[in-house]
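Here's the structure, in structure tokens; my notes come after.
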Number of protein chains: 2
Amino acid sequence: MTEAFPGTPGESGRGTSYPVPVPKNPRDDKPLDPTDLTLVRLLEQDGRMSNAMLAREVGIAESTCLVRVRSLRERGVVRGIHADIDPVAVGRPVEAMIAVRFGGHRRSHFEQFTQEVPELPGVIGAYHVSGAIDYFVHVATESADALRDFVLDHLTNRPGVLHAETALIFESLRGRGTLTRDAVDPSRPSA
Amino acid sequence: MTEAFPGTPGESGRGTSYPVPVPKNPRDDKPLDPTDLTLVRLLEQDGRMSNAMLAREVGIAESTCLVRVRSLRERGVVRGIHADIDPVAVGRPVEAMIAVRFGGHRRSHFEQFTQEVPELPGVIGAYHVSGAIDYFVHVATESADALRDFVLDHLTNRPGVLHAETALIFESLRGRGTLTRDAVDPSRPSA
DNA sequence: TCTGAAATTTTTGTGAT
DNA sequence: ATCACAAAAATTTCAGA
């Protein structure tokens with residue numbers, strides 16, 4: 001019951017040029033004590049909260065808090081801290097979720113796509129999934145024309161891709177820190 | 001062509017107890033100069049980069065940088081800054097993308113769902129889209145059982161919902177700051 | 001592993017260009 | 001709008017419990 005979990009599924013945040021991430025031990029899974037969970041929740045809600053305030057909120061010394069937060073990053077619990085940008089404000093008002101189907105299902109096709117899709121212009125996220133669809137690609141483009149071009153140039157026109165179906169996004173919503181609430185440790189209320 | 005979408009797409013970060021967000025002027029859209037775009041890109045890659053380093057990177061005084069970053073937040077260009085958490089590490093190793101279809105398409109159903117879905121346990125994001133599907137819900141759960149319960153309790157069993165189709169996520173990928181690269185201002189190369 | 005206090009760095013306001 | 005400078009506040013380190 002203290003067993004914890006199998007493997008690490010997704011990698012993501014890559015720092016630019018300084019001392020941060022590089023999960024030193026991806027398989028290092030101790031179940032996180034309540035203090036860590038609280039820190040995680042706070043940083044999920046406001047990734048720029050100062051170390052001093054974090055320490056106050058969870059009731060530990062600042063230096064201790066610093067160590068714990070650093071440990072969370074090193075262990076890959078906190079993969080990265082990123083600004084959430086309004087696509088409209090940066091000239092990409094047309095958002096879409098594109099369902100991509102591959103044919104043949106050769107491993108090399110998936111591996112190449114997995115490697116390249118995060119770098120494609122306007123890509124916010126991508127999800128390799130089970131079922132009839134192989135990938136969902138979340139993208140923001142400058143216009144409907146640019147969206148069509150994106151699909152044709154980077155998806156349809158790709159070795160292995162059979163079909164891409166585009167759904168315009170009317171509204172994007174973010175979860176509100178519910179990752180760290182409920183279940184996780186059934187013996188505590190919610191703190 | 002500059003039409004964009006109906007409303008403001010996503011709200012998100014809720015600060016805990018200090019001076020931040022509350023976009024004072026959501027429709028205040030001046031096209032962002034190259035310096036702002038660079039700041040946005042840097043913060044997208046590392047939301048915790050210090051103001052001093054941001055200033056150095058873009059080549060302006062620290063105090064100026066502070067003003068610009070604050071302005072970006074006030075204008076809603078930067079909607080929030082959030083830690084990206086590994087769901088596995090917080091006891092939610094089963095990730096899924098759930099396609100939800102509504103029947104009847106009553107506005108009240110969508111409005112209620114839009115309001116409630118970000119608070120549902122384990123929800124990372126949700127997307128109201130055009131086409132055959134009405135919503136994609138991105139969720140992380142503690143187990144396959146918990147996923148089934150989530151779908152039954154919060155989606156299928158909801159007024160207006162016709163159908164929910166679940167795709168397990170094998171791997172989640174994040175875009176790499178490509179929102180602020182390429183086109184945006186067609187008259188400049190790329191900065 | 002945690003702490004408290006010292007050393008260092010960053011944030012933030014002011015006044016001038 | 002921008003900058004340089006200085007005071008205030010924060011981060012980070014470290015010796016010791």
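Hydrogens, waters and symmetry mates play no part in the numbers below; they use all other heavy atoms, side chains included. By convention in this document, chain letters (A, B, ...) are assigned in the order of the sequence lines, proteins followed by strands, and residues within each chain are numbered from 1.
Remark: P of dT10(C) and CG of L66(A) are 14 Å apart, rounded to the nearest angstrom.
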Any protein N or O atoms within reach of nucleotides 4-6 of chain C? Criterion: under 3.5 Å, listing atom names and distances.
| residue | atom | partner | partner atom | Å |
| --- | --- | --- | --- | --- |
| dG4(C) | O6 | S63(A) | OG | 2.6 |

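In this model, no donor atom of one side chain and acceptor atom of the other lie less than 3.5 Å apart for E119(B) and T178(A). Between the side chains of R68(A) and T64(A), not a single donor N or O lies within less than 3.5 Å of an accepting N or O. D134(B) and H105(B) form a side-chain donor-acceptor contact under 3.5 Å, judged by distance and modelled atom types alone. In summary, the side chains of Q112(A) and E116(A) do present a donor paired with an acceptor at a separation below 3.5 Å, with no hydrogens or angles considered.
Within the 4.0 Å cut-off from OP1 or OP2 of dC2(C), at least one side-chain nitrogen or oxygen of R68(A) is found. Close to dT13(D), at under 4.0 Å from its OP1 or OP2, lies a side-chain N or O of R70(A).
Interatomic distance, CZ of R79(B) versus CG of D86(A), reported as 4.5 Å (0.5 Å rounding).
Stem list for DNA chain D (at least 3 consecutive Watson-Crick or G-U pairs, distances under 3.5 Å): C:1-17 with D:1-17.
Comparing V67(A) and R56(A) along DNA chain D, the residue whose closest nucleotide (by nearest heavy atom) sits nearer the 5' end is R56(A).
Side-chain contact check for L155(B) versus F150(B): some heavy-atom pair is nearer than 4.5 Å.
The residue from R73(A), R75(A), E74(A) that alone fulfils the side chain to side chain donor-acceptor pair (under 3.5 Å) condition with S71(A) is R75(A).
Put simply, the side chain of N51(B) gets close to the backbone of E62(B): a donor and an acceptor are under 3.5 Å apart.
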